[in-house]
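Protein chains get the first letters and strands the later ones, always in sequence-line order, with residue 1 at the start of each.
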Number of protein chains: 2
Amino acid sequence: MPRSNTEKYADMLRKQGLKVTPQRLELISLLTRLKEPMSAHEIKAKWKQGDIDTVTLYRALDALVDAGIVQRVDLQHGHTDYELLVPGEHHHHLVCTDCGTIEDFVGCPGKNMEKLALKSSSQFVSLREHSLEFFGTCKTCAV
Amino acid sequence: MPRSNTEKYADMLRKQGLKVTPQRLELISLLTRLKEPMSAHEIKAKWKQGDIDTVTLYRALDALVDAGIVQRVDLQHGHTDYELLVPGEHHHHLVCTDCGTIEDFVGCPGKNMEKLALKSSSQFVSLREHSLEFFGTCKTCAV
DNA sequence: CTTGCAAATGCAATAGTATTGCGTTTATAA
DNA sequence: TTATAAACGCAATACTATTGCATTTGCAAG
């Protein structure tokens, strides 16, 4: 990760009152380079600087999620996946149920949908987030 | 559960080549009456006829999901929730992140969204399903 | 109604995911 | 440089879900 990028994320951490630790920086670095949702287990396996404790990893992930730097994703794999949250650029995923291929979907009409959902609701006054994932078949698997 | 309803689901099971067992019927009955997504643990706790083995419950749930009678839902509770799938009436949920209140959202523009997602995709040829849940604050919790 | 058998169940064991408590280390502000 | 709250690492454990196998059962064929 280039120094400028590291500094960018370090600033984001400090702004949230979080300490800048080697573990958190490597975690961000990993997520930046991989650019695909990853489970805690996968992240641990890819760890470069020695090893990271599972608990520390989960706590670091929690912290980054709270700070709005990372988001959780459920791709129906039986565990939570994590990915870097590019500010201002919110996206979802297309998942191939055969081979697991993942493609990003960036054209989500999020605000409109939330408006629609709120309008039809009798109990809710505000919506902050939504999850949206598509499941189907990719070219390669559609014989 | 009225007899006619029981027979309806029994038929659905038989049509899928599945046996009609007391456990599966009580499971469907529970889900029918509760009408809110429930975890396997919650279902087990609500079991009337004696007790159901955890493994049997998970296998029954899997079978019903495969048969298109039940669907899995991820409400970010750290586990899978299950709910009855009313045929032809697909819906999503609004979840209050404070108190856990759940409200159904029925006006999902599913087909349109899938079309949109497919159009923007370079790797996918078909989409079969999607997950969509909203997270926000309900009236009661919005002081 | 009986019977045969594949499907379903129950139990024990275990895998996988995630969290808690606590003593030690470390980032950072004073 | 130092004090301290935050973060870390280790051990233990909780929770969610699955596998293997012996037993039971739904149900179709006779």
Side-chain angles (χ1 to χ4, degrees), chain A residues 6-7 9-30 37-67 69-83 100, chain B residues 6-7 9-28 30 37-67 69-83:
Chain A
T6 302
E7 266 317 308
Y9 283 111
D11 281 349
M12 290 177 71
L13 287 171
R14 287 197 201 93
K15 245 167 226 159
Q16 302 282 336
L18 297 171
K19 291 186 178 175
V20 179
T21 70
Q23 290 91 337
R24 286 171 179 177
L25 290 180
E26 171 155 0
L27 174 52
I28 292 170
S29 166
L30 267 176
M38 274 192 297
S39 69
H41 186 80
E42 287 170 317
I43 292 170
K44 195 164 150 53
K46 291 196 191 306
W47 207 259
K48 301 290 183 191
Q49 316 297 325
D51 198 18
I52 187 172
D53 188 79
T54 307
V55 178
T56 303
L57 176 53
Y58 276 109
R59 286 200 272 231
L61 285 166
D62 288 348
L64 294 188
V65 168
D66 288 347
I69 296 172
V70 165
Q71 75 174 337
R72 296 191 178 90
V73 185
D74 174 37
L75 268 22
Q76 311 220 12
H77 290 155
H79 59 250
T80 304
D81 282 300
Y82 300 85
E83 73 178 343
Chain B
T6 301
E7 266 318 309
Y9 283 111
D11 282 348
M12 290 178 71
L13 286 171
R14 288 197 201 91
K15 245 166 227 159
Q16 301 283 335
L18 297 171
K19 291 186 178 173
V20 179
T21 69
Q23 290 91 337
R24 286 171 180 177
L25 289 180
E26 171 154 359
L27 175 51
I28 291 171
L30 267 176
M38 273 192 297
S39 69
H41 185 80
E42 287 171 318
I43 292 170
K44 194 163 150 55
K46 292 197 190 305
W47 207 259
K48 301 288 182 193
Q49 316 297 326
D51 198 18
I52 187 172
D53 189 79
T54 308
V55 178
T56 303
L57 176 54
Y58 276 110
R59 285 198 274 230
L61 286 166
D62 288 349
L64 295 187
V65 168
D66 288 348
I69 296 171
V70 165
Q71 75 174 336
R72 296 192 179 89
V73 185
D74 174 37
L75 267 23
Q76 311 220 11
H77 290 157
H79 59 250
T80 304
D81 282 302
Y82 300 85
E83 72 177 344

TODO: For B:T80, answer base if it contacts any base atom (sugar-phosphate contacts may also be present), sugar-phosphate if it contacts only those atoms, and nothing otherwise; contact means non-hydrogen atoms under 4.0 Å.
DONE: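 Counting heavy atoms under 4.0 Å across all strands, the contact made by B:T80 is with sugar-phosphate only.
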- [ ] Quick one: label A:R59 by what it contacts on the DNA or RNA (base, sugar-phosphate, nothing), any heavy atom closer than 4.0 Å.
- [x]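 Base, at least one base heavy atom under 4.0 Å.
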Open item on the list: On a heavy-atom basis, which atom in A:K19 and which in A:L13 lie closest, and how many Å separate them?
Closed with: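 That closest heavy-atom pairing would be O-CD1, 4.2 Å.
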- [ ] Identify the two heavy atoms, one from B:A63 and one from B:R24, that lie closest to each other, and give their separation to 0.1 Å.
- [x] CB-NH2, 4.0 Å
Provide, to the nearest angstrom, the distance between the [atom1] atom belonging to [X] and the [atom2] atom belonging to [N].
X     : N      : atom1 : atom2 : answer
A:D62 : C:dT17 : CG    : P     : 16 Å
B:L61 : D:dT16 : CG    : P     : 14 Å
B:D66 : C:dA7  : CG    : P     : 14 Å
A:I52 : D:dA7  : CD1   : P     : 13 Å
B:D11 : D:dC27 : CG    : C1'   : 15 Å
A:D53 : D:dA12 : CG    : C1'   : 12 Å
A:L25 : D:dC8  : CG    : C1'   : 15 Å
A:Q49 : D:dC8  : CD    : C1'   : 16 Å

- [ ] Report the nucleotide, chosen from C:dT20, D:dT18, C:dT9, that has the shortest atom-to-atom distance to any side-chain atom of A:V55.
- [x] C:dT20
TODO: Compare the minimum distances between each of D:dA7, D:dT16, C:dA18 and the side chain of A:R24, then state the nucleotide with the smallest one.
DONE: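 Among D:dA7, D:dT16, C:dA18, the one nearest the side chain of A:R24 is D:dA7.
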What pairs of nitrogen or oxygen atoms, one from the protein and one from nucleotides 28-30 of chain C, lie under 3.5 Å apart?
residue: C:dT28; atom: OP1; partner: A:V20; partner atom: N; Å: 2.9

Open item on the list: Quick check on D:dT25: is either OP1 or OP2 less than 4.0 Å from any side-chain nitrogen or oxygen of B:Q23?
Closed with: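 No, B:Q23 has no side-chain N/O under 4.0 Å of OP1/OP2 on D:dT25.
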Open item on the list: Please confirm whether the shortest side-chain N or O distance from B:Y58 to OP1 or OP2 of D:dT18 is below 4.0 Å.
Closed with: no
Open item on the list: Is it true that, when you exclude A:H41 itself, more than 12 heavy atoms of the residues, nucleotides or ligands shown sit nearer than 6.0 Å to its NE2?
Closed with: no
Open item on the list: What I want to find out is whether A:K44 reaches A:D53 closely enough, with some N-O distance under 4.0 Å, to be called a salt bridge.
Closed with: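 Salt bridge absent between A:K44 and A:D53.
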Task: Lys/Arg-Asp/Glu bridge criterion (N-O < 4.0 Å) met for B:R14, B:D11 - done: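 The answer is yes: the pair qualifies as a salt bridge.
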- [ ] Measure the shortest side-chain to side-chain distance between A:I52 and A:I43 over non-hydrogen atoms and say whether it is less than 4.5 angstrom.
- [x] no
- [ ] With DNA chain D as reference, determine whether B:Y82 or B:P22 sits nearer its 5' end, using the nearest nucleotide of each.
- [x] B:Y82
- [ ] Report the distance from atom CZ of B:R72 to atom NE2 of B:H79, rounding to the nearest 0.5 Å.
- [x] 13.5 Å
